[in-house]
Amino acid sequence: MNRLFLKLGGIILALLLVVGTAYVVVTSYISEDYIAEVNQQLYGGIAEHTVSEVKPLVNGQVDTSQIQEIMHSMMVINPSVEVYLLEPNGDIITYVAPYKRVQLERVDLRPVKAFIAADPADRPLIKGDDPRHPEKSNIFSAAEIRNSTGKLEGYAYIILSGEEQASVTGPLASSYMLKLGKNLFFLSLLVAFLMSLLAIRYLTRNLRRIETAVQRFQEGDYEARIDTDNRGEFAVVSNTFNAMASRINANINEMKSLDQLRRELIANISHDLRTPLAIIQGFVETLIMKNDTMPPPDRERHLTTIFNSSERLSSLISQLFEYSKLEAKQIEPQKEAFSVGELVQDIAQKFSVLAKDKNIAIEVERPADLPRIFADLGLVERVLQNLMDNALKFTPVGGKVTISMAADRHNVKISVVDTGPGIPEADLPFLFDRYRKGARTSSGKNVGAGLGLAIVKKILELHDQSIEIKSRVKEGTSFIFELPQQSAKTA
Ligand SMILES: Nc1ncnc2c1ncn2[C@@H]1O[C@H](COP(=O)(O)OP(=O)(O)OP(=O)(O)O)[C@@H](O)[C@H]1O
Ligand SMILES: [Mg+2]
């Protein structure tokens, strides 16, 4: 930030220097011309005046006494003038000037003629040859000299800013202008520079705020935001950064919670896997050790336990596999139209053996004109299996499980109702992710992995549906969900 500040300051300083120098140069140039023009305007009529007053040439011959006269009157008005008499072709006939150091023999007549031709009231600045300083031009006054017949006999050519004056006004004016210019220049430079430093500071204030927030964020403070009033120069940048920071923060939190979930899942599952495995190991060990001495009924009991445990292990693993596939969204529902009534009938048939063992009645309520539904057959079967599995598992002997179906405008509503022990209200919120909470109820020794309902929920989510539970302790539990009718999806 400081580097940006310095860079901007440097650029502005350089700009000011360039502009200031140009200003000084132009000013002094213009002021020189200005002084010259003023002089020429003031004294431009001198030659004309002189010629009308005196007759410097008599029949082309220099009248020295007249010249002295001219010289005298000139000196009174302006001691620094230099008077020249020119032939009609520009040759210098004679001159009156201090320090006779004239170097030119002829004067360029073009500016002289231009001067004479111009309207005195509106005459531009015209410079002509300065016989003493051939290298530079100077302001002058000029007039034609004509004899009584009107014939051009020559010119009076008067250098206005003579050597003396030039030697005084030149340095004086330029030093004055320069001093003024310089002082002005440095003063305005300083002021401008200070002002621009303030301006930069003001403008970069928001930038500094952004930098601070970005730095804090980079150092790990994910709550760091740029406080912006939506009006500053960098409002868009600030808002974008804030939105980005919030997004990153949300993603990090989501990743953290997913990570946490996975950790809990693994911990709970490995615990659940260990139990049947330990049982199997223990019983197999006993069998190996007492192979010869164990009476056949005991041996059979052991083998049955081993078989049950291994079945449990295998169902646990397959459920886990199924659930993780669902969670990773690896399962894409293959939707088709089918009769859910027939599916329910089939499932009721399959569970009837188990139900008979526990003396539980299974009832199917199915209206005759039930429309077909549009869903993944295999996944819906899993939902019904899991719900039936729970219902039969938790309902005590002599109870009843009812599967009923009903159609409304777009959907078919399916409910699985049992007369079991019910679920305490406090447990309801965690029912679908018990594996996560690790909150195992001790309702019987045949406690499952707790994945059944989680799988049900995931499958229904894949169908954009949810599941509802109604439960009363000691009265029973109902699981209710809907699936879309075929017409709604295909028509
Ligand atoms: N019909 C029901 N009646 C009473 N409690 C139920 C019923 N269905 C589910 N529950 C309760 O909800 C819990 C979660 O059910 P879920 O099907 O997810 O797991 P689980 O049956 O214990 O194990 P899994 O299905 O993985 O073998 C059950 O352990 C039980 O406490
Ligand atoms: Mg279950």
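Everything numeric in this text was worked out from a predicted model, so none of it was measured. Order of listing sets the numbers, starting from 1, for every ligand and every atom in it.
Atom OG in S257 sits 12.5 Å away from atom CD1 in I252 (nearest 0.5 Å).
Of the possible polar contacts, none joining the Q465 side chain to the K457 backbone as a donor-acceptor pair under 3.5 Å is found.
Taking only nitrogen or oxygen atoms, main chain and side chain alike, K393 reaches within less than 3.5 Å of ligand 1. Where the criterion is an N or O separation shorter than 3.5 Å, residue side chain and backbone included, L453 meets it with respect to ligand 1. Annotation: P421 places no N or O atom under 3.5 Å from an N or O atom of ligand 1; distance criterion only.
Of all the atoms in ligand 1, the ones that sit under 4.0 Å from a non-hydrogen atom of Q319 are 24 (P), 26 (O), 27 (O). When each atom of ligand 1 is checked for a heavy atom of G452 under 4.0 Å away, the hits are 16 (P), 17 (O), 18 (O), 24 (P), 25 (O), 26 (O).
Side chains of R382 and Q385: a donor-acceptor N/O pair is present below 3.5 angstrom, by distance only. For the residue pair S404/S415, the side-chain donor-acceptor check at 3.5 Å is satisfied.
A salt bridge links R263 to D259: at least one charged side-chain nitrogen sits closer than 4.0 Å to a carboxylate oxygen.
Taking all heavy atoms of V456, I423, V473, I455 into account, the minimum distance to atom 5 (N) of ligand 1 is reached by I423. For atom 28 (C) of ligand 1, the nearest non-hydrogen atom from the set Y323, F432, F394, F430 comes from F394.
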(message) Between E300 and M294, does the side-chain contact (heavy atoms from CB on, under 4.5 Å) criterion hold? Intermediate values first, please.
(response) CA-CA 10 Å; E300 189 162 336; M294 189 181 278; over 6 Å; no

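If you look at D418 next to ligand 1, the close heavy atoms, those under 4.0 Å, all belong to the side chain. Residue contacts with ligand 1 for F479 involve side-chain atoms from C-beta outward but no N, CA, C or O (heavy atoms, distance under 4.0 Å).
At least one heavy atom of L431 sits closer than 4.0 Å to an atom of ligand 1.
The six-membered or imidazole ring of F374 lies away from that of F338, with a centre-to-centre distance of 6.0 Å or more.
Classification of the F217-Y222 ring pair by plane angle, with boundaries at 30° and 60°, yields perpendicular.
Not a single N, O or S atom of N386, from either the backbone or the side chain, sits less than 2.8 Å from the Mg ion (ligand 2).
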